[in-house]
Amino acid sequence: MFASVIIPAAGFGERMGATIGKQFLLLNEKPILVHTLERFQSCADIQEIIVATQRSSFPIIEEFKKKYSLSKLKAPVEGGERRQDSIANALKVVDADAEIISVHDAVRPFVHLREITQSIETAKYFGASIVAVRAKDTMKQASTDGRVERTLNRASLWNVQTPQSFQRKILVDAYDFAFRNDIVATDDSYLAEQIGILPIIVEGSYENIKITTPDDLLLAELLAKRFIP
Ligand code: C5P
């Protein structure tokens with residue numbers, strides 16, 4: 001089976017307060033994006049890796065490919081204004097043989113091989129899958145002025161991560177539907193839900209953090225010391 005992974009890496013990292021996208025910040029002397037790419041390069045279930053990034057970063061991606069022997073990495077595609085636009089651009093160049101398409105944030109370098117494999121296998125049989133962890137905190141729903149409206153049942157709540165994997169047609173149809181109906185989401189599975197597909201949860205790990213703010217970077221430095229893929 002042929003599986004492709006799209007890695008959106010066109011964010012500017014405003015919340016990190018850095019001058020370069022957070023995916024290019026160093027972790028253990030290696031860019032965060034390279035750690036992420038190495039996870040997918042070493043996964044036997046993945047045949048191609050497509051990065052969406054700013055055009056100005058294309059030479060860096062080509063350099064990573066050579067320097068870190070990332071043979072599965074295809075030529076990068078230009079990112080868009082929103083994450084969703086970056087993924088839509090990458091979808092256009094996915095190999096014609098790909099049956100499963102996974103999407104994984106560039107800034108989640110601590111994904112385990114088991115999570116990638118289970119995500120792909122689950123999508124193969126059920127159509128769509130998301131990696132997620134059980135909510136640790138009690139969650140409240142509140143009004144915009146901060147008044148609690150209700151307490152949600154924690155037993156049924158999950159924090160959603162990536163990878164998210166889909167049978168090719170489902171992801172393509174979900175993106176077409178979103179484009180035609182002006183639906184915007186920060187989560188690909190939400191778009192699949194809009195065309196009636198209910199993804200299956202693959203239970204992941206709390207290590208698979210999204211490096212977004214400076215405190216995430218501190219945690220990432222600690223995790224990097226003990227992470228086993
Ligand atoms: O902004 P957020 O934390 O949701 O970003 C998640 C991922 O999406 C990051 O890897 C970021 O580089 C990517 N992204 C993108 N194109 C954008 C915005 C974010 O590829 N326009």
Side-chain angles (χ1 to χ4, degrees), residues 4-27 30-41 46 48-62 64-65 68 70 73-94 101-111 115-116 119 130-133 158-166 171 174-175 178-179 182-193 204 206-220 223-224:
S4 301
V5 62
I6 293 173
I7 313 266
F12 285 101
E14 286 95 352
R15 283 169 289 175
M16 186 62 82
T19 48
I20 57 168
K22 56 203 174 195
Q23 60 277 13
F24 296 111
L25 295 176
L26 298 183
L27 190 60
K30 212 189 269 183
I32 288 171
L33 174 60
V34 172
H35 288 277
T36 305
L37 293 172
E38 285 181 338
R39 299 284 92 77
F40 288 89
Q41 173 69 33
I46 292 287
E48 74 168 353
I49 305 171
I50 302 164
V51 169
T53 192
Q54 284 100 27
R55 194 163 281 279
S56 58
S57 302
F58 283 11
I60 305 174
I61 304 295
E62 298 294 353
F64 288 169
K65 183 178 166 86
Y68 299 99
L70 300 167
L73 188 58
K74 289 229 304 206
V77 297
E78 190 157 17
E81 197 183 324
R82 303 161 303 188
R83 179 184 183 278
Q84 185 174 332
D85 303 315
S86 299
I87 293 165
N89 288 348
L91 267 179
K92 293 179 193 147
V93 304
V94 167
I101 305 175
S102 300
V103 180
H104 184 75
D105 292 322
V107 287
R108 289 189 192 270
F110 302 114
V111 60
E115 288 152 358
I116 302 173
S119 167
I130 58 175
V131 173
V133 286
W158 295 78
N159 288 109
V160 176
Q161 308 170 336
T162 63
Q164 300 191 351
S165 300
F166 308 86
L171 191 61
Y175 266 77
F179 182 73
D182 279 332
I183 301 171
V184 179
T186 49
D187 171 60
D188 307 287
S189 62
Y190 176 79
L191 302 183
E193 288 162 41
Y206 294 101
E207 289 185 323
N208 186 17
I209 60 166
K210 184 163 82 160
I211 303 174
T212 307
T213 54
D215 50 327
D216 295 328
L217 199 56
L218 281 177
L219 178 58
L223 283 171

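Computed from a predicted model, the values in this text were never measured in an experiment. Position 1 is the first residue of the sequence; numbering continues from there. Note that ligands are numbered from 1 as they come in the structure, with each ligand's atoms numbered from 1 the same way.
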Q: Could you pull out every protein residue that has a heavy atom closer than 4.0 Å to ligand 1, ordered by chain and then number?
A: Pro8, Ala9, Ala10, Gly11, Arg15, Lys22, Gln23, Gly80, Glu81, Arg82, Arg83, Ser86, Asp105, Ala106, Val107, Lys210
**Q.** Whether Gln84 side chain and Ile183 backbone form a donor-acceptor pair below 3.5 Å
**A.** yes
Q: Kindly check if the number of other-residue, nucleotide or ligand heavy atoms within 6.0 Å of CZ (Phe58) is above 12?
A: yes
Q: Mind listing the closest non-hydrogen atom pair of Ser189 and Gln164 along with its distance?
A: N-OE1, 2.9 Å
Q. Do other residues, nucleotides or ligands put more than 12 heavy atoms under 6.0 Å from Tyr206 OH?
A. yes
Q: Verify side-chain contact (heavy atoms from CB on, under 4.5 Å) between Leu37 and Val51, making sure each step is shown before the conclusion.
A: CA-CA 9 Å; Leu37 293 172; Val51 169; 3.7 Å; yes
Q.
Taking the side chain as everything from C-beta on, heavy atoms only, tell me whether Leu26 gets closer than 4.5 Å to Pro31.
A. yes
